[in-house]
Amino acid sequence: MRKIVFVTGNKGKFREVRDILAVKGYEVIQNTDGYPEIQEDDLEPIAAFGARWVAHKLEMPAIVDDSGLFIDVLGGFPGPYSAFVEKKLGNKRVLKIMEGESDRNAVFKCVIGYCDPGSEPLTFTGAVKGTIAFEEQGAGGFGYDPIFDHNGITFGELKYEEKNKVSHRRRALDKFLEWLENRE
Ligand code: IMP
């Protein structure tokens with residue numbers, strides 16, 4: 001089994017990435033040491049910088065996941081600041097900000113950054129469209145899952161395997177796997 005190190009302190013992300021890649025014969029090892037997150041409006045440069053930094057430091061093929069929730073009517077906020085907003089405000093206060101808004105469209109984006117030691121990084125982006133629910137629904141998943149409605153059901157209400165079939169993370173990993181398989 002080929003090993004890839006995944007640097008993340010987020011258990012939800014790790015579990016999803018590990019399980020999706022395991023089916024394809026990759027063993028994903030978690031490393032929680034972190035990496036410098038540069039400040040950018042887009043996720044791609046953040047993921048590319050992180051993957052390169054980690055692969056060069058650990059001298060192993062490495063992935064990082066930079067993801068976030070982009071709410072249309074808020075100009076894409078919280079976007080790259082999703083982890084910070086989740087920690088400081090939480091879902092209930094995000095719902096308060098959305099009170100009275102009829103345009104509830106949002107996009108979950110996930111960028112997988114991958115780098116081999118001594119190489120330049122690559123990024124693979126996955127996105128899924130949905131709407132911000134009016135209240136939290138479901139206790140599954142993590143982060144914004146209970147307020148992200150996808151086809152009438154929140155990610156928090158979906159079974160774990162069902163979220164993994166349609167999520168932004170799944171879409172990004174599918175692109176990454178296609179690239180890996182073509183290069184082998
Ligand atoms: P970062 O990629 O570590 O900067 O943080 C991404 C943040 O976006 C997470 O801490 C969550 O708040 C949110 N997020 C990313 N992916 C998901 C997901 O699949 N479900 C729910 N929230 C997510």
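We count ligands from 1, going down the list as the structure has it; atoms in each ligand are counted the same way. The basis for the numbers below is simple: all heavy atoms, side chains too, and nothing from hydrogens, waters or symmetry mates.
With sequence neighbours left out, Lys165 forms a side-chain hydrogen bond (donor to acceptor under 3.5 Å, both in side chains) with Glu162. Annotation: side chain to side chain contact (heavy atoms under 4.5 Å, CB included) contacts of Thr8 (sequence neighbours excluded): Phe6, Asn10, Lys13, Phe14, Gln30.
Salt-bridge annotation for Glu120 and Arg52: present, with a side-chain N of the basic residue lying under 4.0 Å from a carboxylate O of the acidic one. Salt-bridge check for Lys96 with Glu99: passed, with a basic side-chain N closer than 4.0 Å to an acidic carboxylate O.
Under the 6.0 Å distance and 45° angle rule, Arg15 does not count as a cation-pi partner of Phe142.
Enumerated by chain and number, the residues approaching ligand 1 to less than 4.0 Å through a heavy atom are Asn10, Lys13, Glu37, Asp65, Asp66, Ser67, Gly68, Ser82, Ala83, Glu86, Phe108, Phe142, Gly143, Tyr144, Asp145, Lys163, His168, Arg169.
Contacts classified as side chain to side chain donor-acceptor pair (under 3.5 Å) and involving residues 139-155 (residues at least two apart or in different chains) are given here: Asp145-Lys163, Thr154-Glu157.
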